[in-house]
Structures are given as structure tokens and as C-alpha cells.
Amino acid sequence: MRQHFQSYPEPSLVAHTCNPSTREAEAGESPGVRDERGGIRVASVDQQLPVLSVLSMEKPERTEVVLLACGSFNPITNMHLRLFELARDYMNSTGKYKVVKGIISPVGDAYKKKGLIPAHHRVIMAELATKTSGWVEVDTWESLQKEWVETVKVLRHHQEKLEARSCNQQQNSPVLEKPGRKRKWAEQRQNSTQKKLLEPNTKGVPQVKLLCGADLLESFGVPNLWKSEDIAHIVADHGLICVTRAGSDAQKLIYESDVLWRHRRNIHLVHEWVPNDISSTRIRRALRRGQSIRYLVPDLVQEYIEEHSLYSAESEDRNLGATLAPLQRNAAEAPS
Amino acid sequence: MKNRIPVVLLACGSFNPITNMHLRLFEVARDHLHQTGMYQVIEGIISPVNDNYGKKDLVPSHHRVAMARLALQTSDWIRVDSWESEQTQWMETVKVLRHHQSQLLRSATRVEGPDSGKTPSDTAAAPELKLLCGADVLKTFQTPNLWKDSHIQEIVEKFGLVCVSRVGHDPKGYILGSPILCKYQHNIHLAREPVLNEMSATYVRRALGQGQSVKYLLPDSVIAYIKDHGLYVTDSSQKGRSIQKNKGKTS
């Protein structure tokens with residue numbers, strides 16, 4: 001698999017593409033770039049073939065990764081869910097990482113975004129959407145906080161949680177079970193969100209990385225939306241996995257930012273070949289116009305929305321005139 | 001409700017495999033026709049193409065029919081029809097339309113008691129059968145020798161077309177560029193997919209061939225079926241349970 005676009009000289013910043021049309025049609029070749037240590041093919045992302053990792057000459061120590069997606073999820077769509085799948089396939093295919101869990105963390109109501117419906121609905125929809133997923137789950141910690149929580153704090157919270165659990169379970173590999181039943185929003189406890197590990201191959205604590213689309217990367221430039229030290233901590237302490245159609249735009253953003261450039265090794269760009277633009281905004285618009293959203297969101301989510309008549313012209317006007325929480329907070333704290 | 005013309009939408013294609021995008025075509029088309037105020041869509045039919053179509057990588061029709069059936073389990077108005085796939089040879093789309101039209105006429109002349117409410121009670125007209133397709137299909141009318149001119153004419157004149165827009169295509173332009181289409185443009189309905197969703201069965205097949213996830217691009221039940229039957233795997237992939245057929249089974 002050839003490295004795709006290399007406009008900028010730094011070799012470690014590559015946009016790993018899973019482009020079917022450029023890959024050689026070779027038998028069994030894994031998507032993604034060859035391992036940087038010198039061309040060792042690693043196991044394909046197919047989880048049914050763990051034997052290949054034993055047969056490879058070295059057994060690379062894979063860093064375990066947890067993908068965390070923060071956002072409104074208003075509502076969650078198939079596109080959000082696809083981000084996880086694409087990111088996992090890509091990270092696993094590098095041979096350096098092993099994605100063990102995905103976390104959806106819906107933002108709290110205090111975010112004050114226009115059209116944001118109550119968190120408990122958004123959480124339940126996300127739970128319905130991930131019911132059939134064996135590795136992606138919903139976490140309500142962020143949505144339960146009274147004040148809006150910066151993304152870096154959510155990352156930190158989840159990283160600390162993993163570290164705490166790791167201290168408690170040093171001998172055994174963590175066995176993570178996903179609860180089979182739909183949980184009530186209010187009943188979720190701290191330790192109940194666990195998933196089954198397929199291959200206990202733990203070396204250290206899993207790293208929590210922020211999963212996002214290109215829009216989040218672009219939003220780093222919006223005045224007062226992010227604190228620059230938060231951006232620095234996100235890329236330095238955690239890492240970013242950005243799924244995007246426009247890889248060169250994303251690369252340019254990284255190149256033009258000193259802090260992103262410095263931590264470019266921690267920023268992974270996953271190219272999405274198929275425009276899958278199922279934005280929540282458009283979903284809400286379609287609903288207001290009485291248009292079908294079937295097959296754009298999981299069936300259970302569509303049914304839930306219908307049952308509760310969640311989205312309307314009225315709901316779209318929620319928080320009208322309010323200032324978005326980060327803008328308010330950062331403007332207040334900024335030196336005048 | 002006023003006297004709306006009942007409509008049945010028929011989609012022909014490989015459905016290799018069926019995806020959420022195919023299913024969206026129906027939803028978008030139905031919304032569009034309803035919003036004109038003139039039509040009432042009462043049924044959708046998916047008609048997977050015959051194996052003898054000869055398209056590369058086409059898996060046997062019984063699989064494609066089964067997958068479509070699974071995908072439509074949760075739909076209360078769309079169904080699969082295997083008639084086309086069961087014929088001994090490939091047949092032109094217009095013949096499939098004619099077949100289904102005569103089926104509809106036959107049902108319409110039967111005495112109709114209170115049914116599930118699909119047929120509006122205020123009209124005894126047989127439903128109009130329309131061909132549902134993406135804008136890419138409209139473009140293929142221009143491909144030399146792919147369609148007979150007389151067939152194109154019959155499709156737009158006698159039946160009608162509902163065409164769902166797709167990025168990179170210019171359906172209005174295709175219509176204007178063709179005398180036949182121009183003449184019957186009143187019978188060609190251009191529906192706009194409000195949410196861009198460009199994923200294709202080709203992409204899905206490649207992803208499957210590479211062992212990548214296709215979750216959320218097609219119904220879970222279809223993905224499970226594909227895995228159970230070892231469909232769309234590359235020849236060298238070590239899916240032991242798969243039945244490896246030599247013909248056209250690469251990604």
C-alpha cells in the first residue's frame with residue numbers, strides 16, 4: 001500500500017488511506033501502510049485470524065487504544081457510527097495499535113448549542129444505536145455534569161479511569177463485559193461501561209484518543225472556541241484520529257499550526273473515500289419537513305425519534321440567542 | 001385525502017449486495033412523490049437482476065435475493081421480487097416493467113375486500129408502475145447499445161421514471177440532451193436526496209474483500225448473511241467456511 005499524499009516533507013505524518021483503487025490487488029494484503037520498522041506485514045484487520053500475528057517474525061507490541069468521540073449526537077447517525085469503524089480498521093491496520101473500545105460521549109445540555117435536545121434523549125438514542133456493536137458504547141459522565149466540560153477534560157477523565165482500573169487489575173487482563181440490556185440514563189454507574197476484550201494483549205494502559213471529523217480540526221481555528229493549551233494537551237497527551245474526505249486540507253491545517261505540527265505523530269488522518277455526509281443538521285431538517293430518515297440512522301433510533309416526536313421547529317429553536325458555553329467561558333477568561 | 005394516483009416503485013439492479021443507499025432511494029422517491037400532492041406510493045419492489053446479466057463479481061441471485069429479503073424485513077412497504085432472477089436468461093428492464101404491470105392489472109381486477117389499507121379506497125385505478133433509479137442510471141441511457149431506443153421510450157412514455165439525484169450527475173442535463181427524454185420529461189420525476197450519501201455496493205464489496213468493516217452501510221442482518229456464506233471475500237482470504245466459487249467472486 002503506497003503512502004498516498006506527501007506534500008509535506010515530514011515522513012511520519014502520513015494520511016493512511018484505505019483506498020481500494022490504489023491498493024495492489026494482492027492476496028491477503030492488509031490495508032494501510034507498511035510498518036515503519038521495515039515492511040513487516042501484519043495481520044489483517046480480520047479478527048478471525050489471530051494466528052497471523054504469531055507467525056510474523058517479530059511480535060510487535062501494539063498499543064491499546066480507546067477511541068473517544070465527543071459531540072452533540074443530536075441525533076446520532078450512521079455517519080457517526082461509521083467514523084468508529086473506519087478509525088478502528090485504520091488504526092489496527094498500522095500494526096502499531098489495537099483498538100479495544102469506542103466511547104461515545106454526548107455533550108451536556110449546558111453546552112447551549114442551538115437545537116440541542118435534552119441529554120437523556122441523546123444518550124438513549126446513542127445507546128440504541130450501539131446496541132448491536134460489540135465494542136462501541138455510550139458514556140454519560142460528560143452529560144451528567146452540571147457545567148459544560150472541555151473536551152480535554154473528558155479525555156483526561158477517561159484516561160484516568162483506565163489507569164485506575166489498570167492499577168486494580170495488574171495480574172489479569174481486564175475482561176470487559178458490555179451490559180446486554182438497555183440502561184436507563186440515570187442508572188449508569190462509573191464502572192458499568194465495559195466491553196469484552198477479544199485478545200488480551202495488554203502492554204500498559206490503553207491510550208484514549210479523540211476521534212473526530214475534519215470539522216473538529218477546522219474548529220480549532222474558531223476564536224475562543226478552544227483554549228490553545230487544551231488543544232496542546234489533546235494532541236500531546238492523547239492524540240487525534242481524524243476521519244476526513246479532504247486529507248490535504250487537514251494536512252495543511254496541521255502544517256500551519258505550530259502545536260499541531262509539533263505533535264503530528266499523534267495525529268492520524270484517516271481518509272474516507274466515500275462521502276457519507278449524514279449530518280445531524282440535515283437529519284433534523286428532513287424530520288421537520290416530514291421526510292424519511294430511514295437507513296440514515298439505525299432503525300431503533302428512527303423509531304425512538306418518531307415515538308417521542310423529538311425534533312421539530314420548536315426544538316430547533318432551543319437555546320436561541322444563548323451563547324455557546326465555550327465561547328462564553330473563554331471570552332470571560334480571556335485577557336481583555 | 002384527494003384522489004391521488006396510486007404508484008408502485010420498481011427498482012431493477014444488481015443489488016450486489018443491497019445497501020442502505022438502495023433502500024434510501026425508495027424512501028426519497030416516496031417522499032418526493034407524496035410531496036407533489038398527486039401520488040400515493042403504495043408499494044416498492046426490488047427486482048435483482050438475473051445471473052446471466054454477466055456483470056463482473058455478481059454473486060448468485062439466490063444470495064442477492066436472500067440478502068434483499070433480510071434487508072427488507074423491517075420495511076412495511078418494500079418487498080423483493082425474484083421473478084426476473086428466476087428467468088432462464090437476462091431480460092431487458094422494460095420487460096420486467098411489463099411483467100409487473102400485468103401483475104398489478106391482474107390484482108386490480110380481482111374483487112378487493114378490505115385489505116391492509118394499502119390501496120386508497122377512493123379509486124379503482126390500477127396503480128401506475130414507475131421505474132425507480134439513481135441519476136447514474138439515467139446517464140446510462142446515453143451509453144451506446146446499452147438500451148434500445150424503443151425501450152427507453154416505452155419506459156418514459158408508458159411507465160414513468162423516478163430518478164434520485166446523485167452527486168456528480170446532472171439529471172436535468174441528461175434529459176435535455178435526449179430528444180426522447182425531453183419529450184416525456186413530465187413523466188420523469190427528479191427527486192433530490194436531502195442527505196448526501198454516496199456509498200455504493202462497489203465500495204462495500206471492496207471493503208469486504210479487504211476485511212474492512214461495512215457496519216452501518218448495510219443492515220446487520222445482511223452483513224451476517226454475507227459472513228455466514230463467505231460472500232465477497234478475496235480468493236486468498238482464509239475464511240474456511242466459505243464456499244469459494246471461481247467465477248467472479250473477487251472483491
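Every chain is numbered from 1, with letters handed out A, B, ... down the list of sequences. Only this structure's heavy atoms are used, side chains among them; waters, hydrogens and symmetry mates stay out.
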Worksheet item: In terms of heavy-atom proximity below 4.5 Å to chain A, should B/Thr202 be classed as side chain, backbone, both, or neither?
Response: neither
Item to complete: Could you check which of B/His34, B/Arg30, B/Gln35 has the highest count of heavy-atom pairs closer than 4.5 Å to chain A?
Response: B/Gln35
Worksheet item: Just by distance, do the side chain of B/Lys215 and the backbone of A/Thr132 share a donor-acceptor pair under 3.5 Å?
Response: yes
Worksheet item: chain B: which of A/Arg289, A/Arg285, A/Arg82, A/Glu85 shares the most heavy-atom pairs with it under 4.5 Å?
Response: A/Arg82
Worksheet item: Just by distance, with hydrogens left out, do A/Asp89 and B/Ser213 show a side-chain donor and acceptor under 3.5 Å apart?
Response: no
Item to complete: Taking the side chain as every heavy atom from C-beta outward, state whether B/Gln212 and A/Ser93 have any atom pair closer than 4.5 Å.
Response: no
Fill in: Side chains of A/Asp299 and B/Thr74, donor plus acceptor under 3.5 Å
yes
Fill in: Minimum heavy-atom distance between A/Asn78 and B/Tyr216, given as atom pair plus value
ND2-O, 3.7 Å
Worksheet item: Taking B/Asp31 for the side chain and A/Ser292 for the main chain, is one N or O donor matched with an acceptor at less than 3.5 Å?
Response: yes
Worksheet item: Just wondering, more than 12 heavy atoms not from B/Lys55 lying within 6.0 Å of its NZ?
Response: no
Item to complete: Assess whether atom CZ of B/Arg79 is packed by more than 12 heavy atoms of other residues, nucleotides or ligands within 6.0 Å.
Response: yes
